[in-house]
Every structure is written in structure tokens, then in C-alpha cells.
Amino acid sequence: MSQVMISVRGLKRSFGKLEAVKDVSFDIQRGQVVGFIGANGAGKTTTMRMIATLETPDAGEVHICGEDAIDDPNAVRSKIGWVPDEFGRYQNMTIYEYLDFFARAFDYRDQERLNRIQEVMDFTGVTDLKDRFIDKLSKGQGQRVCLGRALLHDPEVLLMDEPAAGLDPKARMELKSLIRILAEEGKTIFISSHILSELSEICDTMIFLEQGQVLHHGGAEELKRGAKEGVCIKVKV
Ligand code: ATP
């Protein structure tokens, strides 16, 4: 039976006079891999940050696995793995130190923590690099470490903000195969990009955002056809 894992209703967020997210609603079912496509500035990151409880909406509701993101953000955080598009302030750590820092934050202790770090390093293929400093990683290696961090607490839902941006073709392929494995394991995955072809290869469904509003929620092929016919003219194909 299908189960709604991400439910977004009437989400709004403005910055001063700019209405970045105007009125966004959608549902994503368990096990779906959904692409969130839109031009730069369409409001994708702002929407994803609200889903990830990193930003408070001006109006609207977010539920993750039935938990209310506004009333109970901690319950939601335990179910979500957030893959940001950059590391932020952790550049002077090694990969191992970085993962250890977050594993401790998730309250993994002793041998269980060591095992979990090893599992995510093995899965993301960074074990041989574990003593390398984060600021010395290639974009693809960095993206795999960010994914590993997001997987530490084995979340049911993964939110990935522009994970393929700036990756070379090999790194993109590696990332895609990891996403496929995670999808086969039953994780629900929501991935943003402003490049349709990056998403259409791995996503069952697409949500197309323009100027803070959903213009399409459906199959990738339908959206691709629309883009070719000039409907989604701001999205690079
Ligand atoms: P990109 O692909 O470029 O990241 P996006 O679709 O993710 O674009 P957002 O980053 O959500 O879009 O931004 C939507 C709009 O809101 C943009 O015009 C952006 O400049 C603005 N915006 C986002 N965050 C803030 C903020 N903290 N303060 C002011 N304006 C913001």
C-alpha cells in the first residue's frame, strides 16, 4: 500500500518583498525518486530547506512520514537525510573526523559508531580517502561524503539539493548509481536540479517549479516534451 512520505501543503516563504515560494503543495510516496526541477532562483532550495526544517515557512504545512515538521522538527529530522550543495564550515576536518562529528551528534556510541561510519564510507566509496582533508576533495568525492553524512542515521527520506552540480560525467555516474541503490532499498528521494537531463535519467516523477509555484507534477517524459516545445523555456535540457 502506498504511503505519503513527504506532504507539502500551501507552503509560502518571502524574503522582504520577494515571494520566493508562493503556494507550493505536493505529495511524494514511499520509494519514489522525484526530481525537483526549476531555473536558478525558482525557489527549490528554499522549499527543500523548509522541508528539512532548516527554514520556517511563512504559511503552510510539511509532514514527513506523518510527522509535523513545524510542531515536531526533531521527529522529522530523525527521518530525513539532508544533502546540502556545500560543506559549510567543516573544511578543516578529515573525512573521518567529519563523519565522526555527525555520528556523535546522532548519538551513535562506541563500536556502533565506528561500524556505522565504516558502513557509510564503504557504501560511498571514500574509505581509502578517510584521512584526507575535506578542502582537498574533488567535487565528486565531496558530494559522496555529504551523502554519507546524510545516511549516517539511516533516514527514510533523502533530500538532495543540486547534488550533480559541477560534477564531471564519471562522478555524476557514480552518484547516480548510489542513488539507484538507495532507491532500490526503498528510500524516498527528492533531488533538485536546474538541468532536466540530470534528473530524467534517475527520477520516476518530476516536480517543475517556476517563480515559486508548481507548474507540473508528473512523468519526466511529459515534462521533457514540454521543454522541447518551449513550455518550460527556462529549464536547460
Ligand atoms: P538556485 O538553483 O540558484 O539555488 P533555487 O531554485 O534553489 O535557485 P532559491 O535559492 O530557493 O532558488 O531562491 C529563490 C529566491 O529567493 C531567489 O531570488 C533568491 O535570491 C531568494 N533568496 C533565497 N534565500 C534568501 C535569503 N536568505 N535572503 C534573501 N533572499 C533569498
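FYI, side chains are in, hydrogens and waters are out, and symmetry mates aren't considered; it's all heavy atoms of this structure. Order of appearance sets the numbers: ligands from 1, and atoms from 1 within every ligand.
- Across S7 and V4, no two heavy atoms sit closer than the pair CB-CG1, 3.8 Å.
- Not one N or O of L18 is nearer than 3.5 Å to an N or O of ligand 1, by distance alone.
- Every N/O-N/O distance between H194 and ligand 1 stays at or above 3.5 Å.
- A parallel orientation is assigned to the rings of H153 and F106, their planes being inclined by less than 30° (bins at 30° and 60°).
- Where the criterion is an N or O separation shorter than 3.5 Å, residue side chain and backbone included, T47 fails it with respect to ligand 1.
- By the 4.0 Å heavy-atom criterion, G212 is excluded from the residues contacting ligand 1.
- Proximity of M48 to ligand 1 is not established, as no heavy-atom distance is less than 4.0 Å.
- Counting only heavy atoms from C-beta outward, the side chains of D27 and R9 approach each other to under 4.5 Å.
- Among all non-hydrogen protein atoms, the one lying nearest atom 11 (O) of ligand 1 is T46 OG1, 2.5 Å.
- At a heavy-atom cutoff of 4.0 Å, ligand 1 is contacted by no atom of S192, backbone or side chain.
- Close approach of ligand 1 to N40 is summarised as follows: ligand atoms under 4.0 Å from at least one heavy atom of the residue are 1 (P), 2 (O), 3 (O), 8 (O).
- Atom 31 (C) of ligand 1 has F15 CD1, 3.3 Å as its closest protein atom, hydrogens excluded (heavy atom only).
- Distance screen at 4.0 Å: atom 20 (O) of ligand 1 has no protein heavy-atom neighbour inside the cut-off.
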side-chain hydrogen bond (donor to acceptor under 3.5 Å, both in side chains) assessment of T94 paired with D131: CA-CA 5 Å; T94 64; D131 296 323; 5.1 Å; no
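- For atom 10 (O) of ligand 1, the closest non-hydrogen atom of the protein is T45 CB, 3.6 Å.
- A salt bridge does not link K44 with D161: every distance from a Lys NZ or Arg NE/NH1/NH2 to an Asp or Glu carboxylate oxygen is 4.0 Å or more.
- Close to ligand 1: G41, with a non-hydrogen atom less than 4.0 angstrom away.
- When each of Q29, Q32, E156 is paired with M5, the side-chain contact (heavy atoms from CB on, under 4.5 Å) condition holds for E156 and for no other.
- The nearest heavy-atom contact from the protein to atom 12 (O) of ligand 1 is G43 N, 3.1 Å.
- The two residues G166 and K139 come nearest to each other via the heavy atoms O-CG, 3.8 Å.
- The existence of a salt bridge linking K170 and E174 is confirmed by a sub-4.0 Å separation between a basic side-chain nitrogen and an acidic carboxylate oxygen.
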